[in-house]
Amino acid sequence: VTMYALAGKPVLLAQEVGSLIVSATVPMVAHWDSKNSHADEQRIAKLRRISQRYLNIFVAVAVPGFWLFSSLLVRLWLGPGNEQVALVMRILAVGQLASLLTTPGFNELIGRGNLSIAPPLLTVQTVLYIVLCWFSIKTIGVLGPAMALAAATLYGATHFLIAFYRSRA
């Protein structure tokens, strides 16, 4: 548990920083959506595109950053002999930071008061995580939960983005 707490701390901090990039979009979408005008629909779409672009850049820098520098960070933070914490950090970074890519779409749904897409996908993602976790702990060992979380989160993020953009077409 301590290994996961230590590995997850920098990843969750990076996820929070990424979330701050688009945190103000919910009230903007709610305001524009309440007007029901074509110009405001275009503003919402532009806001989503810009938010998505900035998050794509953030994730494109953060994930390789974790992969390249997690060993150094862990060595400086915890000292030598904690390479497994760095490996868990890398795995968690892939899943957690990939989930950030859903934030512009999710924030738009919140602002519009329409969360119909999210609950079924989050339910499937949770069940998938539990099942993968159970199997991976038995087969892989201590790295299993990190891999299961990354896989379930990538699955959930991918399906959310597909469902969200299909509903916009």
Discussion item. In the structure I gave you, are the side-chain heavy atoms of Val74 and Glu83 within less than 4.5 Å of one another anywhere?
Written reply: no
Worksheet entry | Val22 vs Gln52, side-chain contact (heavy atoms from CB on, under 4.5 Å): CA-CA, chis, key distance, verdict | CA-CA 9 Å; Val22 295; Gln52 192 69 59; over 6 Å; no
Fill in: 4.5 Å side-chain heavy-atom contact, Leu100 and Leu97
yes
Item to complete: Give the cluster check for Ile21 versus Leu161: same hydrophobic cluster or not, with ILVMFWY residues linked at side-chain heavy-atom distances below 4.5 Å.
Response: yes
Worksheet item: Among the clusters formed by ILVMFWY side chains lying less than 4.5 Å apart, do Ile44 and Leu47 turn up in the same one?
Response: yes
Item to complete: Can you measure from CZ (Phe66) to CZ (Arg90) and round to the nearest 0.5 angstrom?
Response: 11.5 Å
Worksheet entry | Non-hydrogen atoms of Gly141 and Pro145 that approach each other most closely | O-CD, 3.7 Å
Worksheet item: Heavy-atom distance under 4.5 Å between the side chains of Tyr54 and Pro104, does that happen here?
Response: no
Worksheet item: Mind checking whether Leu101 and Phe160 have side chains closer than 4.5 Å, heavy atoms only?
Response: no
Discussion item. Tell me whether Val63 shares a hydrophobic cluster with Leu68, the cluster being built from Ile, Leu, Val, Met, Phe, Trp, Tyr side chains joined at under 4.5 Å.
Written reply: no
Worksheet item: Rounded to the nearest 0.5 Å, how far does CZ of Arg166 lie from CD1 of Ile117?
Response: 11.0 Å
Worksheet item: Any side-chain heavy atom of Asn82 within less than 4.5 Å of one from Met3?
Response: no
Worksheet entry | Ala146: side chain to side chain contact (heavy atoms under 4.5 Å, CB included) partners, not counting sequence neighbours | Tyr4, Val88, Ile91, Leu92
Discussion item. Quick check for you: to the nearest 0.5 Å, what is the distance between Ser167 atom OG and Asn114 atom CG?
Written reply: 7.5 Å
Worksheet item: So do Val94 and Trp67 actually touch side chain to side chain, heavy atoms under 4.5 Å?
Response: yes
Worksheet item: So, does Ser136 use its side chain to make a donor-acceptor pair with the main chain of Gly144 at under 3.5 Å?
Response: yes
Discussion item. So Trp77 and Lys9, do their side chains get closer than 4.5 Å, heavy atoms only?
Written reply: yes
Worksheet item: Is it the case that more than 12 heavy atoms not belonging to Phe106 sit under 6.0 Å from its CZ atom?
Response: no
Worksheet item: Transitively linked via ILVMFWY side-chain contacts under 4.5 Å: Val11 with Leu87?
Response: yes
Practice prompt. Take Thr103 and Ser51 through the side-chain contact (heavy atoms from CB on, under 4.5 Å) test and state the conclusion after the steps.
Written response: CA-CA 9 Å; Thr103 306; Ser51 299; over 6 Å; no
Worksheet item: Do Leu121 and Leu132 belong to the same hydrophobic cluster, where Ile, Leu, Val, Met, Phe, Trp and Tyr are linked whenever their side-chain heavy atoms lie under 4.5 Å apart, directly or via other members?
Response: no
Worksheet item: In Å and rounded to the nearest 0.5 Å, what is the CD1 to CE distance from Ile137 to Met147?
Response: 12.5 Å
Worksheet item: To the nearest 0.5 Å, what is the distance between CG (Leu154) and CD (Gln96)?
Response: 9.5 Å
Discussion item. Is the ring pair His159/Tyr155 parallel, tilted or perpendicular, if the boundaries are 30 and 60 degrees?
Written reply: tilted
Worksheet item: Do we see a donor-acceptor contact under 3.5 Å between the side chains of Arg48 and Thr25?
Response: no
Worksheet, complete the sentence: Residues Pro120 and Ser116: closest non-hydrogen pair is CD-O, 3.5 Å
Worksheet item: Who pairs with Arg112 by salt bridge (charged side-chain N to carboxylate O under 4.0 Å, His left out), at least two apart in sequence or on another chain?
Response: Asp33, Glu41, Glu108
Worksheet entry | Evaluation steps, side-chain contact (heavy atoms from CB on, under 4.5 Å), between Thr102 and Phe164 | CA-CA 9 Å; Thr102 65; Phe164 177 78; over 6 Å; no
Discussion item. A side-chain contact here means heavy atoms from C-beta on lying under 4.5 Å apart; do Met89 and Leu6 qualify?
Written reply: no
Worksheet item: Do Ser99 and Gln15 pass the side-chain contact (heavy atoms from CB on, under 4.5 Å) test, and can you show the C-alpha distance, the side-chain angles, and the key distance before you say yes or no?
Response: CA-CA 9 Å; Ser99 74; Gln15 189 176 22; 3.1 Å; yes
Compile the donor-acceptor pairs under 3.5 Å between side chains in residues 122-131 and protein atoms, sequence neighbours left out, one pair per line.
| residue | atom | partner | partner atom | Å |
| --- | --- | --- | --- | --- |
| Thr123 | OG1 | Pro119 | O | 2.8 |
| Thr126 | OG1 | Leu122 | O | 2.8 |

